Participant: 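Take a look at this one; I'll ask things after.
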Amino acid sequence: MQQDDLVNERKLRPIWESIEIGNYKKALQDVEKMLKKKPTIQCARALKAWAYLRLGKEEESNALIAALEQEEPIEAPTLHALTLCYKETRRLDKICTLFSNAVRQVPGSEDLLSQLFIAYMRVDDFKAQQSVALQLYKLRPRNSYYFWAVMSVVLQALRGPDADNQQRVQLLLALAQRMVDKFIAENKLEGAQEAQLYLQILQEQHKYGEAYEFLHGALCQKLYPGAPVYGKIDLLKKLNKWGELNRLLKELLLQDQDRWDYYQDYINSTFELIKSGEKPDGADHTVEMCHEFLCDIIEAQAKKCRGPYLARLELNRRMLEQRYGEEQLFGKMSDMLAEYFELFGDKPCCALDMKLFLEYVRPASERRVLATKLLNGLGLSSATLPASKEQMQRHICTLQIARYSGAHAVVDEELLHAIYTSLSLHYEHGFNTHGQGLLVTDMGPSDPYAILAAQIMYERAWRLQRSEPAIEALCLLNHLLSNSVNNFHAKLLVLQLHHRLGLTLSAHDVYEILDIKHIQLDSLGYLHCAQLANGGFPTVAKHVYERTLNFFENDNEATAEFPKASYNFGTFSKLVEIIDFRNRLANSFHYTLVSVEALLLMVVGFGGNLPQLLLLYRQSRPKPGDDRIRWDKLADNRDLTIFVCWDPPSEEEADETTKASHLANGNQCEGQAVPVDTKPVGALLEERREALRKASYEQDYDLLRLRSGLQRMVFSLVELGLVRPAATDEGRASPLGSQEFAVALKLRDHWVTLTEEIRRKQHAPISGRYLVNLLPSRLHLYLRLPYEAVFTHLADLVLSLWRGYSSEQTEKHNSSLEALTEQAERCVNDVTNMFETLKHAIDTYHESVDLLWHWKATHELVNGCIEMISLMVFVLAVSYDKYVHACASHSAAPTGKRSKKQTTNDPANSNAATNGASGPQPTCVPDRDRLSLVTKVLRELKQRINEADSILGSWKSPVIEDTLSAAVERMSLDPKCVTQVRTGIANNATTETRDLRKLLKEKLKLMSKAI
């Protein structure tokens, strides 16, 4: 028998290899040959199921897997092959059942128990993990298995189903502590990770005193001598031992004088000591002592470090927040910032450092005075250029500070253009003087000039509502990228500029060279994906969506294995973070939105006939009745800090800042710190930034609700059209389709309620004044267009056609046919309104003075109308096909039975008969009349699509004026950059128009049988 196993293993190895390298047909041929000789080999059948799965033959694969499940295999190769099948079909719970059955048959197998533990780990069944880990420990008493059980208990408390039940959480954590206490008492604790886990358990129970004692105990010092000092710092903060913390941080700062985090905690501990009134020995318990310590570090520095200087600014900032009097401060904030600039102004990070404290220079006009003072101190005029790289960096710093201080917000457009021209010339000079001979990966030292100039020029474009300044900014940024090919800041601005102007194709080219991959597809994907759904290029959108979805689907498998590695190596400290990361990725808002948009795009961007579209639709397996989105778990994983922003705070923030300043000055009392209810200025501004993020997410959240509701309702109408009920022998209607009808009716009502609820919120679009602001949510576009009316009326028509009479029938309706005809007329009017909206958008665009500035709004409206038309065509084409088949089946039936079938082949009549309804019932409309009504709407769609094609054919492309090109070339920029921008704009417009016209013609294919 053992010899046979070796022979089988040798024969199976090539099959494994064939599947792994993608040669599935050969694997299938080889496994078939093997099974002809030995049809009972379990591993061969499992590999056959895996090959079928890779070939897309899921039904055949599932049949083989089901047969193997009944046999409950125990051989390792078979279990491994089935595990791979379950992973690919995302049935991870089946892996648990598979190994559970195997363990039951071979209860003493360490390997099977380990695999079962990992299987439960993949589905986050922490309680089952604990049970299996204890079985492993009983079988083989190893510390690793015991602490698998301990960690499973901790995870039950922190991330299990009872994580919100504080009483249950405390019980579980107490159990975990007792388990470790038992090991400590028996002197079995062996490793640093075990000690670290014990510290974590104590801290989760808020037993900070016990944790601190254990950290300083002999056992922890022996097992965990390299415990990071921040663990001790955190415990001291939680224990409010501010004196001890202050002394510890002073020691650490004397050893490492540039640790910004240590300085922050040190200053915080000083203020906590002031607040409590404690005066421990060796600790600095007054602001004077704190300032003296910082000054001592500055004086003792062997080389100039930023840390202590930033700490002085931080100390002053905290004193301002605490409302100390001016005479108590260690200097005026503006003077201290000027001093900091003198020391570190030649470093690229200087402006970012100063930005942390500029908000505390009050009032806002004082910031502009500071910026002017710094600029004048450089000794540069409009006719002079920086003499050295250091002077150039100082100049850049002052310009960034000036913009953040609002210096550009108070000047007119002409001066803004003059500033832009000056910055462009400074960039060119800096590149020629200091930017030569750099590595490809280096950013040019003068690049910030061009980046700042582009942001200034876009603001000018927004003020004038003209595109020329934005085009100049594009040309400058393209020129920069020709010199610094890896400057991602410039690439991001070019991407943003293209989307601001509605140039989707050009934006996609930039997105490709950004080379966003892996986790960035989640954190940065919103910059591009959010604009593609109505961007006018379905093929491009499909490519980006597929790549994004592939990342999420494949990464789910990869991240599922991270906890496995943590358990295997006993590194428990990051397990909670890994699980949280995995859950945030699995419930990513971006992933969910792209999934919904991809399903809608499947219909909108499809080119082919109805059977082909239905095949694609079935492969996607949408289930309209199931809302798979975990709305309460959605995670906003966007990185909104990717742009370095020098735009000044908004007017609202500036007003709030001034108000806070006045309140602070009014509450000063004889130089003493007087507490007031007013929040610190920094906190106010931070709240506003967070409010902007929250408002943006709320709008996109409602966008997802709207798009998901639309997708589910449309697909429910398609499912209803795919039902083919047939009369039974008794002449009563088949119950087939009643479930689909109930789902469609429910989703129709949900759609109406949802759109009304979102409209009542009256979301305000995000301002487009600054280039690096978030782009407005697409929600506003869909609320401007008649999505609500179009798809409500379409749902009413399809649902009523299925029943055979109108749900809105009243006494004024003489017949069901009249009611249905009225609903069909509504849909015809909706088609006309969509066409008029499209035509009006393009006519208004042609009447505008600046075509490019109005391109974005126009092409979004046009694409929205085409999406509505595409979805309507799909639903009605399926309905038409349904009633054609119904009419054909009646024609094929014997003459004597045709009338009976026509009156009974409808659930409405069946329900009426079943319920014993009395009185006059609505007359069932014959299938031929229903077909006629669907045809009527489709013919209107055909006529309007042909008219829309003509309108799109007359759609003018925006062009760049020759005068603008000449102006750009006079600035000594690379002429190729101007040509590149001009060509990109023209190509974007002509390609979009061509693709949209082609898309409309493709929709006619779907209606080819109906018209």
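Note that the structure is a prediction, hence the values are computed from the model and not measured. The figures here come from the full heavy-atom set of this structure, side chains too, leaving out hydrogens, waters and symmetry mates. This chain uses plain numbering: 1 for the first residue, then up along the sequence.
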Participant: Taking only residues two or more places apart in sequence, or in another chain, which ones meet Ala541 in a side-chain contact (heavy atoms from CB on, under 4.5 Å)?
Facilitator: Leu532, Tyr545, Leu601

Participant: Taking side-chain contact (heavy atoms from CB on, under 4.5 Å) as the test, write out the residues that go with Lys127, two or more places apart.
Facilitator: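 Lys127 satisfies side-chain contact (heavy atoms from CB on, under 4.5 Å) with Asp125, Gln156 once adjacent residues are dropped.
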
Participant: Any salt bridge (Lys or Arg N to Asp or Glu O under 4.0 Å) involving residues 593-602? Give me the pairs, sequence neighbours left out, ordered by first then second residue.
Facilitator: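 Matches after skipping sequence neighbours: Glu597-Arg707, Glu597-Arg778.
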
Participant: Please walk me through it: do Glu75 and Gln42 pass side chain to side chain donor-acceptor pair (under 3.5 Å)?
Facilitator: CA-CA 8 Å; Glu75 295 176 353; Gln42 292 179 334; over 6 Å; no

Participant: Quick one: ring pair (Phe, Tyr, Trp, His ring centres under 6.0 Å) pairs with a partner in residues 20-52, sequence neighbours left out?
Facilitator: Trp16-Trp50

Participant: Sequence neighbours left out, what passes side-chain hydrogen bond (donor to acceptor under 3.5 Å, both in side chains) with Glu186? Give chain and number order.
Facilitator: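 Applying side-chain hydrogen bond (donor to acceptor under 3.5 Å, both in side chains) to Glu186 gives Lys182, Lys188.
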
Participant: Are Tyr212 and Lys232 side-chain neighbours, meaning at least one heavy-atom pair lies under 4.5 Å?
Facilitator: yes

Participant: Just grab all the salt bridge (Lys or Arg N to Asp or Glu O under 4.0 Å) pairs involving residues 214-229, residues at least two apart or on different chains.
Facilitator: none

Participant: Run the ring-ring contact (aromatic ring centres under 6.0 Å, His included) test against Phe183 and tell me which residues pass, sequence neighbours left out.
Facilitator: Tyr146, Phe147

Participant: Is there a donor-acceptor pair under 3.5 Å between the side chain of Arg45 and the backbone N or O of Thr40?
Facilitator: yes

Participant: Given Glu719 and Tyr617, is the side chain to side chain donor-acceptor pair (under 3.5 Å) satisfied, shown in steps?
Facilitator: CA-CA 10 Å; Glu719 290 291 329; Tyr617 171 80; 2.6 Å; yes

Participant: Check this for me: Asp626, atom CG, are more than 12 non-hydrogen atoms of other residues, nucleotides or ligands nearer than 6.0 Å?
Facilitator: yes

Participant: side-chain contact (heavy atoms from CB on, under 4.5 Å) with Thr571: which residues, sequence neighbours excluded?
Facilitator: Gln193, Ser566, Phe569

Participant: Considering only NZ, NE, NH1 and NH2 on the basic side and carboxylate oxygens on the acidic side, decide whether Asp124 and Arg582 come within less than 4.0 Å.
Facilitator: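 Salt bridge flag = yes for Arg582 with Asp124.
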
Participant: Would Ser144 and Arg142 count as a side chain to side chain donor-acceptor pair (under 3.5 Å) if you check the C-alpha gap in whole Å, the side-chain angles of each, and the deciding distance to 0.1 Å?
Facilitator: CA-CA 5 Å; Ser144 58; Arg142 291 179 177 173; 5.4 Å; no

Participant: Who pairs with Ile184 by side-chain contact (heavy atoms from CB on, under 4.5 Å), at least two apart in sequence or on another chain?
Facilitator: Val180, Asp181, Leu189, Tyr198, Phe214, Leu219

Participant: Are a donor atom and an acceptor atom from the side chains of Gln699 and Ser777 found within less than 3.5 Å of each other?
Facilitator: no

Participant: Under the rule for salt bridge (Lys or Arg N to Asp or Glu O under 4.0 Å), what residues qualify as partners of Lys33, not counting sequence neighbours?
Facilitator: none

Participant: Listed by chain and number, what are the ring-ring contact (aromatic ring centres under 6.0 Å, His included) partners of Phe117, not counting sequence neighbours?
Facilitator: Trp148, Tyr567

Participant: Just checking Glu20: does its CD atom have more than 12 heavy atoms from other residues, nucleotides or ligands closer to it than 6.0 angstrom?
Facilitator: yes

Participant: Taking Gln221 for its side chain and Leu215 for its backbone only, find out whether a donor-acceptor pair lies under 3.5 Å.
Facilitator: yes

Participant: Identify, with sequence neighbours excluded, every residue that meets ring-ring contact (aromatic ring centres under 6.0 Å, His included) alongside His590.
Facilitator: none

Participant: Look at the rings of Tyr697 and Tyr701 and say which category their plane angle falls in: under 30° parallel, 30 to 60° tilted, over 60° perpendicular.
Facilitator: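 Ring orientation, 0 to 90° scale: tilted.
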
